[in-house]
Amino acid sequence: MTRARLHRRLIGTALCAALLVGCTPVGPDFVRPNSPVVKEWIEVNSPGAGPSGLTSRSAPVVKWWETFNDPTLNKLVAEAYAQNLDLQVAGARVLQARAQLGIAFGELYPQSQAIGGSIERRQISDNLGPISDVQRIIPLDTEFSTSQVGFDAQWELDVWGQQRRGVQAARSNLALQVANYDDALVTLTGDVAALYVNIRALQESLAVARENIQLQQASADLTQLRFDNGVTTELDVQESTALLNNTKALVPEIESDLQQAKNALAVLLGATPSRMTSLLGNSGRIPSARSNVAVGVPAELLRRRPDVRAAELAAATQSAEVGIAMADLYPQFILSGSIGLQASGGRDLFSAASTTSLANAGVVWNVLNYGRIKNNVRAQDAAYQALIANYQNTVLTAYSEVESAMVAYAQSRKQVVFYENSVTASRKAAQIAVDQYRDGIADYSRILNTQTALLRSQANLIEARQQVSSNLVAVYKGLGGGWQIRQNQEFLPETVLAEMAYRTDWGDLLQQDPTRASLN
């Protein structure tokens, strides 16, 4: 058979195999798993819910923290978005997934491509049997050299869709990492707001404690004056002293909690604790949002919450892995070839006469695998089923979190009204008790009881107001808002991207549009 005929036959075989590449990939095509559907929020639509301040008539706002009308909070969120290191970890994983998608695309083409060259010099023994016999008749040159350069390639044809499933897995993994980044951003904004509310509540508690210390100090001075004048007994002095010192003991505890909260906030901001005082100041009030809060309808939740999207994309990625595993059950069609130049001795390597080539088409089928391939398919399918259940559970958890945050928000608003009335009454009672004690018509126990009740009522009011704002943060966090601020933005700060570009050739991967990642 001539060389030309051999090449034509190999090319024909390759074309027939290449036609098979268009076959539908083996394995399941991903479909979003079924999940429970909620039509209405309980707290918004329940007849007995009362004025909860929640409305489903409009969608939740994106920059929900701005509804608190607090410039400091807005600044903290912006700084956390720009500097938080956990968020940068998630951003780096997005870039890693971009590169991995490029690797998967590369597998669609010849997987092995190499240019090589070599120079070889060999000496054959003169005493080697057949050669020594020939040497007696015809002198041979037993020392010679060979030089060659060439290009080799090998291509496993994607007949069963293994490489295409790999691209699907890599593409959905990229979208998964974007969803994980968005989820980290939702968590970050919620944690910053919750910590800020806690810090302001602690600052208010500190101010209330100091206010009550002044009030109780005045009462203690009054008891001491009445005792010095023989009007009352030492019992009043000791009781007032005990109450005063118990209240003073609250200050170090509150200051400790306050500093610890500032330290935690500093970590979220990617800053040192020493900056917190300049950012927050020494006093402030708990931020409160508008009276009506838009929560949208439950159907929007699955599109807004990044963790729900991430759970779906994790299942999509694993679905492709099932197809990759199933492709190993079938034969692999491989094309390989090489072309180059080869010459011996001092002959001209770079001449037409030195051309050499090889083409090969083959089939490899791993048949005696003792069930390993089938069991790998089963293992991948079980992992896929687990992720389907995880998606469904994530959806249920999302509904539960939002409903719980809504009811907590609505009920804490009611508490605030009651505690405001309690503080007003307690403050008036404390003043009446002091006046009556000064006039000698009431004993000191009335002051002791009313001042203790005042401090407790004020602390309860602060806690209730804190719960209103914290629960509202939980509502917005449960609704999955806030991640949209990263749209049209890169996943890492410009300084970090510049450092990566200087360290490694990233091409255009540092500037890609992440929205192109999809399940297709």
Side-chain angles (χ1 to χ4, degrees), residues 25 27-35 84-107 161-190 300-325 379-398 401 477-492 506 509-520:
D29 292 325
F30 178 74
V31 178
R32 178 185 294 175
N34 293 326
S35 60
N84 181 263
L85 296 178
D86 284 338
L87 195 62
Q88 291 187 26
V89 171
R93 287 175 179 156
V94 173
L95 300 185
Q96 181 183 6
R98 286 182 185 173
Q100 290 170 337
L101 178 58
I103 295 173
F105 270 119
E107 292 295 323
Q162 189 172 43
Q163 281 77 35
R164 280 170 286 165
R165 291 296 189 193
V167 171
Q168 289 179 357
R171 183 179 283 118
S172 58
N173 179 62
L174 173 55
L176 167 61
Q177 297 308 321
V178 172
N180 285 337
Y181 178 92
D182 292 344
D183 189 42
L185 186 52
V186 169
T187 301
L188 175 63
T189 54
E300 298 174 346
L301 185 68
L302 303 188
R303 295 190 296 269
R304 285 174 57 89
R305 278 192 56 138
D307 61 332
V308 174
R309 286 190 283 114
E312 177 187 347
L313 290 163
T317 303
Q318 185 58 36
S319 173
E321 292 291 341
V322 174
I324 293 172
Q380 298 299 330
D381 186 60
Y384 177 42
Q385 187 59 46
L387 290 172
I388 290 175
N390 178 69
Y391 168 77
Q392 295 168 333
N393 187 61
T394 302
V395 172
L396 288 174
T397 302
E401 288 178 354
K477 186 177 177 181
L479 293 171
W483 60 267
Q484 296 90 339
I485 62 173
R486 65 90 179 152
Q487 292 178 323
N488 301 320
Q489 303 290 329
E490 265 303 335
F491 292 92
L492 288 173
W506 275 85
L509 287 183
L510 297 182
Q511 304 297 330
Q512 283 191 356
D513 180 6
T515 59
R516 288 186 291 179
S518 66
L519 300 182
N520 299 321

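For clarity, every value in this text was computed on a predicted model and none was experimentally measured.
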Can you give the donor-acceptor pairs under 3.5 Å from side chains of residues 381-390 to other protein atoms, not counting sequence neighbours?
none

Over all atoms of both residues, closest heavy-atom pair of [X] and [Y]:
X    : Y    : result
P28  : V322 : CD-CG1, 3.6 Å
T394 : A311 : OG1-CB, 3.8 Å
L301 : G478 : CD1-O, 3.4 Å
A104 : V167 : O-CG2, 3.5 Å

- Item | Whether Q392 side chain and N34 backbone form a donor-acceptor pair below 3.5 Å | yes
- Message: Please check this pair: side chain of Q380 against backbone of Q318, looking for a donor-acceptor N/O pair closer than 3.5 Å.
- Response: no
- Message: According to side chain to side chain contact (heavy atoms under 4.5 Å, CB included), who are the partners of A97, at least two apart in sequence or on a separate chain?
- Response: Q100, N173, L174, Q177
What's the separation between atom [atom1] in [X] and atom [atom2] in [Y], rounded to the nearest 0.5 Å?
X    : Y    : atom1 : atom2 : answer
L185 : I485 : CG    : CD1   : 4.5 Å
T317 : R171 : OG1   : CZ    : 11.5 Å
L313 : S319 : CG    : OG    : 12.0 Å
T189 : L87  : OG1   : CG    : 10.0 Å

- Note on the structure: Sorted by chain and residue number, the salt bridge (Lys or Arg N to Asp or Glu O under 4.0 Å) partners of E321 (sequence neighbours excluded) come out as none
- D29 meets the salt bridge (Lys or Arg N to Asp or Glu O under 4.0 Å) criterion, sequence neighbours left out, with R165
- Task: Report the C-alpha separation of L95 and L510 in whole Å, then their side-chain angles, then the decisive distance to 0.1 Å, and conclude whether the side chain to side chain contact (heavy atoms under 4.5 Å, CB included) test is met.
- Result: CA-CA 7 Å; L95 300 185; L510 297 182; 3.7 Å; yes
- Query: Under the side chain to side chain contact (heavy atoms under 4.5 Å, CB included) criterion, do V395 and L302 qualify, and how do the steps go?
  - Reply: CA-CA 7 Å; V395 172; L302 303 188; 3.6 Å; yes
- Would you mind listing every salt bridge (charged side-chain N to carboxylate O under 4.0 Å, His left out) that reaches into residues 174-187, with sequence neighbours excluded? D182-R309, D182-R486
- State which residue, out of E300, E312, E401, fulfils the salt bridge (charged side-chain N to carboxylate O under 4.0 Å, His left out) condition with R305. E401
- Message: Applying ring pair (Phe, Tyr, Trp, His ring centres under 6.0 Å) as the test, list every pair that has at least one member in residues 166-186; sequence neighbours left out.
- Response: Y181-F491
- Message: I'd like to know whether CZ of R304 has more than 12 heavy-atom contacts from other residues, nucleotides or ligands below 6.0 angstrom.
- Response: yes
